[in-house]
Each structure stands twice: as structure tokens, then as C-alpha cells.
A.B. asks: 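One structure, as C-alpha cells, below. Some questions next.
What you are looking at is a predicted structure, and each value in this text was computed from that prediction instead of being measured.
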Amino acid sequence: MPALTALIERRAAWMRERQLEDWEGWSSSAAMMAARAARTRSPAWVLEHAEGAVVGCTTVSDRPLDEGWTAAEREETALYLHTTVTDPAWRHCWPGAVLAAWALRRAATSGTTWVRRACTSDGLLRYYRDAQGFALVRTVRGEHTVTHLLARHATTADWSAATPT
């Protein structure tokens, strides 16, 4: 857990430097977010460099945490990615895209139809859509938040050609 806590704290510091929303929440809840990684129902999967550095993680579940998915969508087989965190120092290696590609392959090889995710940031929406190939399903407007729901068909296709270098 210390490595995940440190990863989340590095991400929060990077967000603060760029004056991005929610950095305070990430910073204040880093230890709690890292502790969630050990849950068996929706464990976190960690991406490590060959030298042992933790460069990213994502939480995977077979049920959505986000409101806005229809009853019919909830009946379809899907993996849901939550709280994907990557180390800004490794951005040049596209760890978020590597984690997404892993999830797409894992879903496809297990007979799962979809990989879904949600975000509240327009910047993340653009990244997930434009760089990772997720399609915007809908935007849900709540009283205090706007949540973008995205999905992509599970696939075992190699993403290396599509991942920016």
C-alpha cells in the first residue's frame, strides 16, 4: 500500500501544480484510496516498471459505481474501470493507455462484452475518447456534478500502433 499511496500523492501534487480540479481530494484521501486496492470485489491492478516502480493502477469491477447506466446496460457483461491513477513522471510511456488495453484484453478473453468507465473531467473525456478509443455513451448531469459515461467493446487487438509515442 505505501507504493500506491505515494503514487496517488505524486498525482495529486502534479494536479495541484497545474491547478486542476479535485487535487485536494486526491491528496487528502491518498491512503484511503490505496487501502481500497486490497478489496476482493473490485481490486486494484498495478502497473509496474521492470525495475519495480509503480507507474499506474486501476480498479476493476464487474458492476458500475456510477449512476447513469441503464438497466439494460447493467445486464450486459462489462468490466468497469474506476480510479485509474498514473505517475506523471511516466506520461511518456502512456501508462493509462496500457492499463486500458490490458482491461480490454482481459474482458475479451473472459467473454465479457464491454469495458466501461466514467469521468467528471472534460480533459479526461477527451483523452479516453481520442487517445484510448472509448465512445461517449452519455453525459449525466447531477445537482453538483457532470459525469461522462464511456464504453468500448472488449478486444484482444494490439494497441501498440494506436498508442502515441
A.B. asks: Shortest non-hydrogen contact from Ala154 to Ala107?
C.D. replies: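 Shortest heavy-atom separation between Ala154 and Ala107 comes out as CB-CB, 3.6 Å.
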A.B. asks: How many angstroms lie between atom CZ of Arg116 and atom NE2 of His82, to the nearest 0.5 angstrom?
C.D. replies: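 NE2 of His82 is found 11.0 Å from CZ of Arg116.
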A.B. asks: For a quick test of reading the model, state the closest non-hydrogen atom pair linking Gly96 to Thr86 and the distance between them.
C.D. replies: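 Looking at all heavy atoms of both residues, the shortest contact is N-CG2, 3.6 Å.
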A.B. asks: Angle between ring planes, Trp69 versus Tyr80, binned at 30° and 60°: parallel, tilted or perpendicular?
C.D. replies: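 Perpendicular: the ring planes of Trp69 and Tyr80 meet at over 60°.
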A.B. asks: Check Pro64 against Arg74 and note the closest heavy-atom contact, atom names and distance.
C.D. replies: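 Where Pro64 meets Arg74 most closely, the heavy atoms are CG-NH1, 3.2 Å.
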A.B. asks: Closest approach of Leu79 and Ala103, non-hydrogen atoms and distance?
C.D. replies: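 Of all heavy-atom pairs spanning Leu79 and Ala103, the closest is CD1-O, 4.0 Å.
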A.B. asks: Quick one: closest heavy-atom pair of Gly68 and Arg138, and the distance?
C.D. replies: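 Minimum heavy-atom contact is O-NH1, 3.0 Å.
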A.B. asks: Quick one: does Glu75's side chain have a donor or acceptor within less than 3.5 Å of a partner on Ala72's backbone?
C.D. replies: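 No, Glu75 side chain to Ala72 backbone: no donor-acceptor pair under 3.5 Å.
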A.B. asks: For the pair Thr145 (side chain) and Gly142 (backbone), establish whether a donor and an acceptor sit closer than 3.5 Å, ignoring hydrogens and angles.
C.D. replies: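 Judged by distance alone, no pair lies under 3.5 Å.
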A.B. asks: Are Leu136 and Leu124 connected into the same hydrophobic cluster when the rule is that any two of I, L, V, M, F, W, Y join if their side-chain heavy atoms are below 4.5 Å apart?
C.D. replies: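 Yes, because Leu124 and Leu136 connect within a single hydrophobic cluster, where side-chain heavy atoms sit under 4.5 Å apart.
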A.B. asks: Are Tyr128 and Val137 joined in one hydrophobic group, where the rule is that I, L, V, M, F, W and Y side chains link up if heavy atoms are under 4.5 Å apart?
C.D. replies: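 Looking at the clustering, Val137 is in a separate group from Tyr128.
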A.B. asks: For the CD atom on Glu67, are there more than 12 heavy atoms of other groups (residues, nucleotides or ligands in this structure) within a distance under 6.0 Å?
C.D. replies: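 It does not: Glu67 CD has 12 such atoms or fewer within range.
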A.B. asks: Between Thr77, Asp62, Leu104, which is the residue that forms a side-chain contact (heavy atoms from CB on, under 4.5 Å) with Thr112?
C.D. replies: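 Single pass found, and it is Thr77.
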A.B. asks: Assess, by modelled atom type and distance only, whether the side chains of Arg117 and Thr84 contain a donor and an acceptor separated by less than 3.5 Å.
C.D. replies: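 Yes, because at least one side-chain N or O of Arg117 sits under 3.5 Å from a partner of the opposite role on Thr84.
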A.B. asks: Would you say Phe134 ends up clustered with Trp102 if hydrophobic residues are merged whenever their side chains have heavy atoms under 4.5 Å apart, either directly or through other cluster members?
C.D. replies: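 Looking at the clustering, Phe134 is in the same group as Trp102.
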A.B. asks: First locate atom CG of Leu81, then atom OG1 of Thr58, and finally report the distance between them rounded to the nearest 0.5 Å.
C.D. replies: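 That separation rounds to 4.5 Å.
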A.B. asks: Would a single hydrophobic cluster contain both Trp94 and Leu125, if residues Ile, Leu, Val, Met, Phe, Trp and Tyr are joined by side-chain heavy-atom contacts under 4.5 Å?
C.D. replies: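 Result: yes, single cluster for both.
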A.B. asks: Start with the C-alpha distance between Thr156 and Thr109, add both sets of side-chain angles, then the distance that settles side-chain contact (heavy atoms from CB on, under 4.5 Å), and finish with yes or no.
C.D. replies: CA-CA 7 Å; Thr156 58; Thr109 58; 3.8 Å; yes
A.B. asks: From Cys119 SG over to Leu149 CG, what is the distance, rounded to the nearest 0.5 angstrom?
C.D. replies: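 Separation between the atoms: 8.5 Å.
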A.B. asks: Going from CH2 on Trp114 to CZ on Arg152, what distance comes out if it is rounded to the nearest 0.5 angstrom?
C.D. replies: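 Separation between the atoms: 11.0 Å.
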A.B. asks: With heavy-atom distances below 4.5 Å as the criterion, would you say the side chains of Thr113 and Glu76 are in contact?
C.D. replies: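 No; the side chains remain at least 4.5 Å from each other.
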A.B. asks: Answer with yes or no whether the hydrophobic clustering places Leu150 together with Tyr127; edges join I, L, V, M, F, W, Y residues whose side-chain heavy atoms lie under 4.5 Å apart.
C.D. replies: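 Linked within one cluster.
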A.B. asks: Please name the pair of heavy atoms, one in Thr147 and one in Ala118, separated by the smallest distance, quoted to 0.1 Å.
C.D. replies: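 Closest heavy-atom pair between Thr147 and Ala118: CG2-CB, 3.8 Å.
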